[in-house]
Amino acid sequence: YFFLVFSFVSSSLLAQINTDSLWGVWKNQNLPDTARLRALHTYTNTGFLNTKPDSAFKLGQIMYEFAKNKNNPQGMADAKHLQGLSLSNLGRLDEVLKHYEECLTIREKVNDKIGITHILNNIANIYKNKGVYDKALEVHERNLALKQGLGDERNVSATLYNMGVIYSRKGEYETALKYYISSLEIDKRLGNKDDVAKVLNSIGIVYYHQGNISRAIQYWTESLNIQEQLGDKRGVANALNNIGVIYDNQGEYEKALEYHEKALALRRQINDKRGIATSLHNMGVIYNLQSKTDKSLEVNLESLKHREQTGDKPGMAHSYNNIGEAYRISRNFPEAIFAHQKSLGIREDIGDKDIGSSLTNLGLTYLDMGDYKKAIGYSERGLSQAKQVEMAANIRDASRQLYDAYRALGENEKALEYYELHIAMRDSIDSEENQRQVLRQEYKYSYEKEALSDSLAFAKKEAIMQEKTKRQQLGLAASGLGLMLLMSLAFAIYKGKKRSDELLLNILPKETAKELKARGQADAKLIENTSVLFTDFKGFTALAEQLSPEELVEDLNTCFSEFDRIMEKYGIEKIKTIGDAYMAAGGLPTPNATHASDVVKAALEMRDFIEKGKAKKIEQGLPYFEIRIGIHTGPVVAGIVGIKKFQYDIWGDTVNTASRMESSGEVGKVNISETTHELVKHEFYFKYRGEVEAKGKGLLKMFFVEQKA
């Protein structure tokens, strides 16, 4: 017994003691009270907490009464903590808080600062699981101050991360990113690879919800690499789950199921109930998309069971949503409405900002029933919520439903408005770039070669043709009859090659085209400083209604042709047109020091060209274009994309911010960011606009360019 008492100091020795020995220590009244309490605590924690939580709760009560009689506050606090954990495993979250609060009160009386931080973390997690996010954040804020005072950097990072999770659940993604990045910086400095992987995974989730799939996969890939190195089954399962979600969004359902099944197997191995529920839920989503409603109900009901056991109310809302979809697809509308209403009710109770999913699905159910007015009511509410939290997929779905409903009611103008929004969001989510990023995740070591397979195949065909031509030339020369034919053939080859080169330069920058021809491939490059320009025509939809298709295309062609000429004049690379929008960038693929000035000068010329065209159209009494132009400067990744009809494109936050400069501007104005302004502030006159709210970016300093200085 002397050995057993002192072995409690070492967790490694403690792990070797079997439960009978621990019970023997507890029952031995000759041993110190503290040793007996520790034995009972460990006996309960290791033998019952996860397998028989109801028994663990009763043992915790015995422990509490003993500690209270012996005036041992630490033992009392530990007992209350143990009872709270037991109730949490039973899913009785309302009762958990009572025991955690009692534990906190005791630890505050004895000034157990480390114990206080532990129990505050648990309290915050209960509020989070109940969906009471503001209260959870309040507790975490208090805990963060305590941990910073203790100089406990690892736990400071953990609290920052937990706060990021809550802001993410609230749909406040930019705030979530700030907390995640703060946590990541600490974890990297401390060398905590497992924590680094966890935060990278969560950052990827934020970008996924914002519709930035390429950034999401970038972070998930980095996270997965670390987790595989560490042999972290939970982390690997999370990464596999996320990849499955991406395949799901791209319509690769069998591939998605493959990844979700792998994640589910790992989660069952480690008895991760929340993870099991998530995998089952995601599989249910796919079964719904495949109209396999029986399988969907099977996995979703199991998912709901796990979520009810763990008290995961946000998860329960997701499960009911999925169950409702299964019933809707099978045209059991009363059950579908009941399930979706359950989902909506839970989300409204907990203040979950993702109520848009439930609202949108209710709208879809009523649309299928032919009740268009109710469909519009729920879908418009769903769209409003989706816009608030910037959930691209929900915006896409709700706008499509509104288009269908208004069209069915004969309100075509309203229908067209929502159809355009639907197309914009659909293209953003389902673009070829997103599909290519999925391939990059699975084939990341050979992606660049895969993406240029057509180019390589063309090069091989060209080499074969050249070899045939040589043989033909030799045959003709040997016969003495081929001189004229050789000259004609050479001229034809020359003309064909020249035309091929011209076409290549029409879609690729000169340097990139040279690299592609020389090596059969062109690598993506990080360009540290480039100025990106976006334009958009105001009221394009209204104008399109006034013009014939031929007139509309002719006007667009006139504008874009002049824009192309202006880009060439200033050495700026046209990237692409997207509907009535025009995108270009200066300082790439070959960096230069004048890109910001060049792009601003070009923008002013573009503005003036449109203004002159507008004046002429007004004189003739014809509809006219008006334009907004935005510019931002920063780093981008540039390269060739696509397997067929490849094109040169750029990616990065700089591109997103430039787009926000355009959408946050005004008609007839060139709106630039603070970064661009710093580079050109001595060359032009400006009007400082102050800090302007930019969607998804927060407040940004902006300037209107008036004219050259």
Side-chain angles (χ1 to χ4, degrees), residues 420 423-424 427-428 431-433 502-510 512-513 530-589 595 598-618 620 622-632 636 638 640-642 645-650 655 658-663 665-672 705:
E420 288 175 345
I423 293 298
D427 290 349
S428 171
S431 66
E432 287 185 11
E433 168 60 10
E502 288 172 353
L503 289 172
L504 197 60
L505 290 173
N506 273 342
I507 58 174
L508 300 177
K510 187 176 181 180
T512 305
T530 185
S531 294
V532 180
L533 171 147
F534 273 91
T535 75
D536 195 41
F537 291 120
K538 179 197 173 188
F540 181 77
T541 302
L543 189 65
E545 292 173 353
Q546 301 175 51
L547 298 173
S548 69
E550 293 80 7
E551 290 171 328
L552 183 65
V553 171
E554 183 181 350
D555 279 0
L556 268 181
N557 183 57
T558 299
C559 294
F560 286 166
S561 295
E562 179 62 18
F563 290 177
D564 288 349
R565 187 196 64 76
I566 294 170
M567 296 305 108
E568 188 172 359
K569 174 182 175 181
Y570 288 102
I572 299 166
E573 191 66 38
K574 173 185 176 181
I575 303 301
K576 58 187 172 184
T577 58
I578 312 163
D580 62 318
Y582 188 96
M583 176 183 174
L588 55 77
H595 58 83
D598 294 337
V599 171
V600 172
K601 289 174 185 175
L604 291 173
E605 281 198 29
M606 297 164 83
R607 178 199 66 183
D608 294 344
F609 172 77
I610 295 298
E611 286 299 313
K612 287 177 184 176
K614 173 183 172 182
K616 287 181 182 179
K617 294 282 188 180
I618 290 174
Q620 298 167 7
L622 297 173
Y624 52 83
F625 284 138
E626 292 183 294
I627 197 169
R628 291 188 303 267
I629 305 175
I631 302 169
H632 176 60
V636 300
I640 297 175
V641 300
K645 298 182 181 179
F646 55 77
Q647 70 174 63
Y648 186 76
D649 209 345
I650 58 176
V655 177
S659 176
R660 293 293 184 264
M661 289 299 117
E662 176 272 308
S663 60
E666 294 178 7
V667 168
K669 300 287 188 181
V670 177
N671 187 41
I672 69 171
V705 186

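Just so it is clear, the structure is predicted and the values come from calculations on it, not from any experiment.
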What distance separates R607 CZ from R628 CZ, expressed to the nearest 0.5 Å? 15.5 Å

Rounded to the nearest 0.5 Å, how far apart are CG of D598 and NZ of K569? 11.0 Å

What is the distance from atom CE of M661 to atom CD1 of I631, rounded to the nearest 0.5 Å? 10.5 Å

Residues E568, R565: salt bridge by 4.0 Å N-O rule: no

Of I627, L604, T558, which meets side chain to side chain contact (heavy atoms under 4.5 Å, CB included) against F609? T558

Does a side-chain heavy-atom distance below 4.5 Å link V532 with H632? no

Enter the distance from F560:CZ to M567:CE here, rounded to the nearest 0.5 Å. 11.0 Å

So if I apply the side-chain hydrogen bond (donor to acceptor under 3.5 Å, both in side chains) rule between Y582 and each of T577, T535, D564, which one comes out positive? D564

Modelled atom types, side-chain donor and acceptor of H595 and T530, under 3.5 Å: no

Please tell me if the side chains of C559 and I610 come closer than 4.5 Å, counting only heavy atoms from C-beta onward. yes

Would you check if I572 and V599 make a side-chain contact, meaning some heavy-atom pair closer than 4.5 Å? yes

Quick check: closest heavy atoms across A585 and L588, and the distance to 0.1 Å? CB-CD2, 3.8 Å

Atom pair CZ (F625) and CD (E611), whose distance is rounded to the nearest 0.5 Å: 13.5 Å

K614 and E626 ion-paired at < 4.0 Å: yes

By ring-ring contact (aromatic ring centres under 6.0 Å, His included) - contacts of F534 (at least two apart): none

If we only count heavy atoms from C-beta on, is the L533 to M606 side-chain gap below 4.5 Å? yes

